[in-house]
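Read the structure below first, then the notes.
Note that the coordinates shown come from a computational prediction; the quantities given were computed from them, not determined experimentally. Worth knowing before you read on, the calculation uses all heavy atoms, side chains too, and leaves out hydrogens, waters and symmetry mates. Ligands are counted one by one from 1 in listed order, and the atoms in each one are counted from 1 as well.
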Amino acid sequence: MLPGAGLRVGVLALQGGVREHVELLTSLGARAVLVRRPVQLEDLDALVLPGGESSTIDRLTRILGLRDPLRATLAGGLPTLGTCAGLILLADRVLDPAPGQQSLGGLDVTVRRNAFGRQVDSAEETLATTLGPVRAAFIRAPEVVAVGEGVEVNARRGDDVGDPHAPIVGVRAGSLLGISFHPELTGETTVHRELLRLASVRRGRVG
Ligand code: GLN
């Protein structure tokens with residue numbers, strides 16, 4: 001049975017790399033639900049906040065009345081994966097924000113936007129993570145520069161997730177997973193499988 005069978009996974013669909021997440025989740029057997037209105041957050045088993053431009057997504061969540069419902073959803077423990085701009089939205093603290101930019105918060109980390117350089121410095125590489133090797137694309141990616149107590153470091157740039165000097169690019173705290181990179185652009189399924197596992201556990205099924 002596919003890991004997403006019977007699971008409804010929302011993908012915040014305001015801007016950015018929505019389609020790739022929908023296709024990946026669908027290939028894993030999940031039903032992907034585009035989230036553009038608060039009512040679409042109901043009855044989800046998990047949620048993905050995709051990459052894109054975090055300041056634009058932030059502005060749109062406020063214009064569309066999604067900010068408070070999203071914050072309540074995250075606080076309610078819905079398994080949620082934030083990739084790149086999505087990680088920035090999850091972070092409690094954002095360095096180098098755009099003017100007026102806010103995050104949703106919930107994840108006790110500090111991120112620095114565009115920490116690894118410009119679009120032209122984008123790179124695809126294999127990371128050693130606590131979930132195993134992950135093929136990752138970095139596109140104007142944020143770095144996690146500080147983590148609070150209770151936040152697990154799951155991925156660092158490079159081939160040694162235990163190297164305390166390597167930049168942090170993947171974290172988990174409870175139901176929230178945040179990654180700086182894009183697995184959905186490389187055909188990598190490991191992180192989405194982990195999200196679906198958390199969703200299954202929450203549904204009380206055997207993961
Ligand atoms: N630099 C973007 C931001 O600040 C994130 C880039 C991405 O999601 N690929 O939102």
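Between Phe138 and Phe116, the ring-plane angle classifies as perpendicular under the 30° and 60° cut-offs.
Close approach of ligand 1 to Ile88 (heavy-atom distance below 4.0 Å) involves ligand atoms 3 (C), 4 (O), 10 (O). The ligand atoms of ligand 1 that sit less than 4.0 angstrom from a heavy atom of Gly52 are 2 (C), 5 (C), 6 (C), 7 (C), 8 (O), 10 (O). Atoms of ligand 1 found under 4.0 Å from any heavy atom of Ser54 (numbered from 1 in listed order, with element): 3 (C), 4 (O), 10 (O). Less than 4.0 angstrom separates some heavy atom of Asn114 from each of these atoms of ligand 1: 1 (N), 2 (C). Those atoms of ligand 1 that come under 4.0 Å of a heavy atom in Gly51, given as number and element, are 8 (O).
Protein heavy atom in closest approach to atom 7 (C) of ligand 1: Cys84 SG, 2.7 Å. Of the protein's heavy atoms, Arg113 NE, 2.8 Å lies nearest to atom 4 (O) of ligand 1.
Of the charged side-chain nitrogens involved, at least one lies within less than 4.0 Å of a carboxylate oxygen, so that Glu53 and Arg113 count as a salt-bridged pair.
A donor atom on one side chain and an acceptor atom on the other are found under 3.5 Å apart for Thr190 and Glu188.
Side-chain contact check for Thr130 versus Glu152: every heavy-atom pair is 4.5 Å or farther apart. The shortest side-chain heavy-atom distance between Leu12 and Leu66 falls under the 4.5 Å cut-off.
Partner of Ser54 under the side chain to side chain donor-acceptor pair (under 3.5 Å) criterion, chosen from Gln15, Gln101, Arg59: Gln101.
Backbone and side-chain nitrogen or oxygen atoms of His182 are examined, and one is located within less than 3.5 angstrom of a nitrogen or oxygen of ligand 1.
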